Amino acid sequence: MKKDNKESIRKELHELQSSLDPSKDTGGFRVPDHFFDTLPGNISNRLSTENEKPAFALPGLPTKRLVASLVSITLLAGILFSLFYLQRDQLNGYADADYDQLMLDYYAIQFDMDRSALYDFVLESGLTPEEILFELDRGEFIFGDDVFDEMLLEEIFEQAVYYGIESNYLLSSLD
Amino acid sequence: MFFEGENPNYAFNLIVRKYQEPVYWHIRRMVICHDDANDIVQDVFFKAWQALRSFRKESALYTWLYRIATNEALTFLKKKKKRYFLPINDVSRILEESLEADVYYDGNEMEKKIQKAILKLPDKQRVVFNLRYYDEMKYEDMAEILGTSTGALKASYHHAVKKIEKYINP
C-alpha cells in the first residue's frame with residue numbers, strides 16, 4: 001500500500017492547528033490472539049463451502065448468477081412500476097389502506113435485497129458509467145417530492161459510489 | 001491474471017494474507033465491533049474472489065479491495081440504522097455503545113475520546129478521516145477508492161479534523 005509520508009500528514013495537521021498526532025494514536029483497537037493467523041483459513045473454508053453448494057441451473061442459460069441478476073432486475077422493475085401506478089391512483093383518489101401495506105413491503109424488499117446481483121449484472125453488461133447514468137436519467141421519477149424518490153435516489157447514489165462516480169457529477173448529469 | 005496460473009486458490013490465499021490486516025482495520029474502524037468486522041472482512045474477500053475476473057487491472061488491487069471494504073462497511077451501517085430506525089447520519093450512539101462494550105478495545109482515555117469524536121462524523125467523512133489519519137493514505141489513492149476528487153477529500157478531511165479538535169478541546 002502506498003502510504004503518504006508521515007511527516008506530510010503531521011505537517012498538514014500542524015497547519016490546521018490541530019493537536020492530533022497519529023504517531024501517538026493507534027485507535028486502541030485490538031483483535032483476539034492469532035486472529036490474523038486463522039483468518040485466511042476461515043476465508044478459504046468459506047470459499048470451499050460456498051463453492052460446494054448445489055447450484056441452481058436452468059438448461060440453456062449461461063450462469064446461475066445471470067439468472068439471479070435478471071430475476072433481481074425484473075423484481076425491482078416490477079416493484080417500481082407497481083409503486084408508480086399506485087402513486088398515480090393515489091393522486092386520483094383511488095388509494096386505500098392496502099397502499100400502506102405495499103409501502104411496508106416495498107421498504108422490506110428495497111432494504112433487504114442483495115444488491116450484489118445487480119452490481120454483477122451491470123458489470124457483466126459492460127455498460128460504462130455514462131451509459132448507467134443515461135439509463136438512470138430516463139427515469140422521470142428521480143426528482144419528485146415523496147419518500148420513494150428519496151430512497152431511490154439514495155440507492156442510485158450507492159451504486160454511483162460503488163462505481164466511483166461522484167454524487168455531484170451524478171446530480172449535475174441528471175439535472 | 002490470477003486465473004491464468006495453475007492454482008488460483010493459492011494466488012488468492014496470498015492476496016488474503018497480504019491485505020487482510022489493512023482491510024480488516026479499515027472495516028473495524030468503521031463498524032467498531034470486532035465480531036462485525038470479522039464477518040464483513042470475510043464477506044469482502046468472498047466478494048473479491050467472486051469478482052476477481054471482473055477486476056479492472058488498471059486500478060491497484062489494494063484500492064479495489066478497499067473500495068469493496070468501504071462499500072460493505074457503509075452498507076452494514078446503513079442496515080444498522082434501518083434496524084434501529086435511526087436518522088440517516090446518526091448511528092454514533094449505537095457505535096459508542098459498541099466501543100464501550102467491545103472486549104477487544106483497550107484504548108487509553110485520549111484514544112477513546114478521539115474515537116468518540118470520530119464517531120460523531122458522518123459515515124463518509126469518517127471513511128475519509130480514517131484513511132488519511134490512521135492508514136496514512138495518499139489523497140490520490142483515496143480518490144480512486146471513494147470516487148471523489150482530491151480537492152473534495154482534502155476539504156472533507158480538514159473539516160473532520162476541525163470537528164474532532166473542537167470535540168476533544170472544547
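Any value given below was found using the heavy atoms of this structure, including those in side chains, with hydrogens, waters and symmetry copies removed. For clarity, every value in this text was computed on a predicted model and none was experimentally measured. So that the names make sense, note that chain A is the first sequence line, chain B the second, and so on, each numbered from 1.
- The side-chain contact (heavy atoms from CB on, under 4.5 Å) check on Asn169(B) picks up Ser19(A), Glu165(B), with sequence neighbours excluded.
- Both the backbone and the side chain of Gln20(B) come within less than 4.5 Å of a heavy atom of chain A.
- Dense packing is recorded around NE2 of His158(B), with more than 12 heavy atoms of other residues, nucleotides or ligands lying under 6.0 Å away.
- Interface check for chain A: of the options Glu21(B), Met110(B), Gln115(B), Arg17(B), the most heavy-atom pairs under 4.5 Å are formed by Glu21(B).
- Using a 4.5 Å cut-off between heavy atoms, Lys112(B) does not touch chain A at all.
- Of the two parts of Asp43(B), the backbone and the side chain both hold a non-hydrogen atom closer than 4.5 Å to a non-hydrogen atom of chain A.
- One finds a salt bridge joining Glu12(A) and Arg132(B) here, because a Lys/Arg side-chain nitrogen approaches an Asp/Glu carboxylate oxygen to under 4.0 Å.
- When Asp106(B), Val16(B), Thr70(B) are compared by the number of non-hydrogen pairs under 4.5 Å with chain A, Asp106(B) comes out ahead.
- Interface remark: Asp33(A) contributes no atoms to any contact with chain B (heavy atom separation under 4.5 Å).
- Both the backbone and the side chain of Ile32(B) come within contact range of chain A, each with at least one heavy atom under 4.5 Å from a heavy atom of that chain.
- Ranked by heavy-atom pairs shorter than 4.5 Å toward chain A, the options Asn38(B), Asn108(B), Ile164(B) are led by Asn38(B).
- For the pair Arg46(A) and Phe46(B), the cation-pi test (distance below 6.0 Å, angle within 45°) is passed.
- Atoms CD and NZ, on Gln17(A) and Lys162(B) in that order, are 5.5 Å from each other to the nearest 0.5 Å.
- For the pair Gln42(B) and Leu39(A), the minimum side-chain heavy-atom distance is below 4.5 Å.
- Leu47(A) and Trp49(B) get closest at one heavy-atom pair: CD2-CD1, 3.4 Å.
- Exactly one residue among Glu111(B), His34(B), Arg29(B) makes a side-chain contact (heavy atoms from CB on, under 4.5 Å) with Phe29(A). That residue is Arg29(B).
- Under a 3.5 Å cut-off, the side chain of Tyr105(B) and the backbone N or O of Gly27(A) do form a donor-acceptor pair.
- Interface check for chain A: of the options Asp102(B), Leu99(B), Ile114(B), Ile118(B), the most heavy-atom pairs under 4.5 Å are formed by Ile114(B).
- How far CG of Asn42(A) is from CG of Asp39(B): 10.5 Å, rounded to the nearest 0.5 Å.
- The two residues Val31(A) and Tyr104(B) come nearest to each other via the heavy atoms C-CD2, 4.0 Å.
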